[in-house]
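Worth knowing before you read on, the calculation uses all heavy atoms, side chains too, and leaves out hydrogens, waters and symmetry mates.
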Amino acid sequence: DFYWRYSNDDAVYSPGRIGVPTARAGDDRFVGTTLNLIVDWNISRNISWTFSYAHFFRGPSVTDAGGKDADFFGTWL
């Protein structure tokens, strides 16, 4: 997935949904990309297990705001 700000006036948000002021996000609209991996296992007819992993690769606007790459994990049964 590729993430862009609609305009340079748009904020960049941290994982806690905290907006980073646009002045800190720089002039680049590109926010970053994610690489996703999802594994589904059908244990039985009525039960399945899912594991999800995503790595966020920061773009220039996140770098300018002091952000870093991030990893996200999730699982549910």
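Of the possible polar contacts, none joining the Thr34 side chain to the Phe56 backbone as a donor-acceptor pair under 3.5 Å is found. Arg5 contributes a side-chain N or O that, together with a main-chain N or O of Asp10, makes up a donor-acceptor pair within less than 3.5 Å. Using a distance-only test at 3.5 Å, with no hydrogens or angles considered, no donor-acceptor pair links the side chain of Asp28 to the main chain of Ser61.
Ile38 has its side chain within reach of Asp40: a pair of non-hydrogen atoms, C-beta onward, lies under 4.5 Å apart. You'll find the side chain of Phe51 stays beyond 4.5 Å of the side chain of Trp41, heavy atoms only. At a threshold of 4.5 Å between non-hydrogen side-chain atoms, the residues Thr33 and Asp1 do not count as touching.
One distance of note links OG of Ser52 with CH2 of Trp76; it measures 5.0 Å at 0.5 Å rounding. The structure places CZ of Arg58 at 5.5 Å from CG of Asp69, a figure rounded to the nearest 0.5 Å.
Donor-acceptor pairing under 3.5 Å is lacking for the side chains of Asn36 and Tyr53.
For Phe73, the CZ atom counts as densely surrounded, since its 6.0 Å shell holds more than 12 non-hydrogen atoms of other residues, nucleotides or ligands.
In this structure, Phe30 belongs to a hydrophobic cluster whose other members, linked by side-chain heavy atoms under 4.5 Å apart, are Phe2, Trp4.
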Run the numbers on Thr50 and Thr75 for side-chain contact (heavy atoms from CB on, under 4.5 Å), then give the verdict.
-> CA-CA 5 Å; Thr50 301; Thr75 187; over 6 Å; no
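The two residues Val31 and Val62 make their nearest non-hydrogen contact at O-CG2, 3.3 Å.
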